[in-house]
Every structure is written in structure tokens, then in C-alpha cells.
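We use all heavy atoms of the structure for the numbers below, so side chains are in, but hydrogens, waters and symmetry mates are not.
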Amino acid sequence: MLCSLPLTWALRAAALLAVVVTATACADRVGPSPHSDRQAWDAMYPAALEAVKAVDPHIEPEESGGGHHACHPRDFIGDSLDESEVIGSASITLYASPSDKRSPTELAREVVREMERKGWKGPGPDGIGPVNDQVTVDLTMPGSGTATVSASHERPTEAPAFNGLTVSLTTECLRNSDWHG
């Protein structure tokens, strides 16, 4: 009986710690988000795609969906996840023509300016500057997700140099519109 006493208190302390951690992590959330992943994509993706296409309307950007992964614990312990809530990701990449003489900073500024006109929150075109020939800018669309605009000058060994631009999109942890579990 004496040997089980410390174990009982240790289990109670662990359970209390789990409750505190869970309550802290979920303080702003009372239930599943009323906003769905599909609504977030409908708000985010077209604006980002249009902004990239505006950089050079003659070049079709590459679009790649990164899919989604679960982000909401199914049980109290949190050791398994269901897909009732998900985080989604995708990217849009444009390889500018080698004859395009704009710098990576200029390309990123154009995309950021266009995305901000369509509701994204970012640093504005003046808050963008290169670091080692690469530009990276983070934007947010409150209630939907984030975007990272990256631009760099590429120097392949067997082709002319060109600028590459990528917009990586990630939704917040939102209700999965396809979940039926």
C-alpha cells in the first residue's frame, strides 16, 4: 500500500499537468472552428494565384498542392489525431524569363502589393529587402492562413540565369469540410 502511494500521486500530477497543458493550448478555442479549410482556400488561393500571374501574364505558374494533415487531437491524451480539423498547404511557382531584368526584390514587391490589395496583411512593399540575393516575405489572411513569398536569382550551369518566385500557402488549423467521422 505504501509503494502505490507515490505512484498514485505521480499519476494525479501527470493528469493535472495534461489538463493544464490542454487548457492552455485550447484557451482561445471552445470547439471546432466554424470556418472550414475549403472556405480558407477560397479566400486565399485565387488572390495568390492572380498575384503571381500578374508578374508575367505570358508564363503559366506551376501549382502544387501539398495536401493536408490533421491538427486536432481526438482524445484527451492527444496521442492520436483524427482529420476533423486540418492544416492544408500548397505552393505556386513562377520561373521568370531570362530576359526579365527585374530583381527578385522587385518581383516579390509586385506580388506582395497585389496580395495586399486582395486582403492579405503584410509588411507593404517598403518592408521588403533582399538577404543574400534572396527575398522572403510573410503575409497573413486572418481567419484563413499564411503565405510566404520567396524570390531569388537562379544561376544554372547550363542555361541562362533567371529569377524564381514561389508563394507557399498554409491554412490555419480549420474544420475539415470533407470530414464525416
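Counting only distance, with no hydrogens or angles, the side chain of Thr171 and the backbone of Gly88 share a donor-acceptor pair below 3.5 Å.
Atom CG of Leu174 is separated from atom CH2 of Trp41 by 10.0 Å, given to the nearest 0.5 angstrom. Separating the CE atom in Met44 from the CG atom in Leu139 is a distance of 10.5 Å, to the nearest 0.5 Å. To the nearest 0.5 Å, atoms CG (Leu94) and CD (Glu62) are separated by 9.0 Å. How far NE2 of His68 is from SG of Cys173: 11.0 Å, rounded to the nearest 0.5 Å. Atoms CG and OG, on Asp42 and Ser36 in that order, are 7.5 Å from each other to the nearest 0.5 Å.
Minimum interatomic distance between Pro123 and Asp138 (heavy atoms only, all atoms of both residues): CD-O, 3.8 Å. Between Gly129 and Val135, the closest heavy-atom pair is O-CG1, 4.3 Å. Counting all heavy atoms, side chain and backbone alike, Ala51 lies closest to Met115 at CB-CG, 3.6 Å. Closest non-hydrogen pair, Pro104 versus Ser152, comes out as CG-C, 3.7 Å. When all heavy atoms of Met141 and Glu172 are compared, the closest pair comes out as O-OE2, 4.5 Å. Across every non-hydrogen atom of Pro142 and Lys121, the tightest pair is CD-CG, 4.0 Å.
Screening Leu165, Val55, Thr93, Leu49 against Pro61 for a side-chain contact (heavy atoms from CB on, under 4.5 Å) leaves a single residue, Leu49. Applying side-chain contact (heavy atoms from CB on, under 4.5 Å) to Thr136 and the options Thr148, Ile128, Val149 leaves one that passes, Thr148. With Asn163 as reference, His153 is the one residue of Glu106, Arg102, His153 to meet the side chain to side chain donor-acceptor pair (under 3.5 Å) rule.
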Problem set entry | Check against side-chain contact (heavy atoms from CB on, under 4.5 Å), Tyr45 and Ile92 | CA-CA 9 Å; Tyr45 198 84; Ile92 304 165; 3.5 Å; yes
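Within the structure, the salt bridge (Lys or Arg N to Asp or Glu O under 4.0 Å) test picks out the following pairs touching residues 155-168 (sequence neighbours left out): Asp133-Arg155. Sequence neighbours left out, the pairs with a member in residues 157-176 that pass ring pair (Phe, Tyr, Trp, His ring centres under 6.0 Å) are Tyr95-Phe162.
For the residue pair Ser64 and Ser91, a side-chain donor N or O sits within less than 3.5 Å of a side-chain acceptor on the partner.
With sequence neighbours left out, the side chain to side chain contact (heavy atoms under 4.5 Å, CB included) criterion links Thr170 to Ile87, Ser89, Thr146.
Under a 4.0 Å N-O distance rule, the pair Arg117/Glu114 qualifies as a salt bridge.
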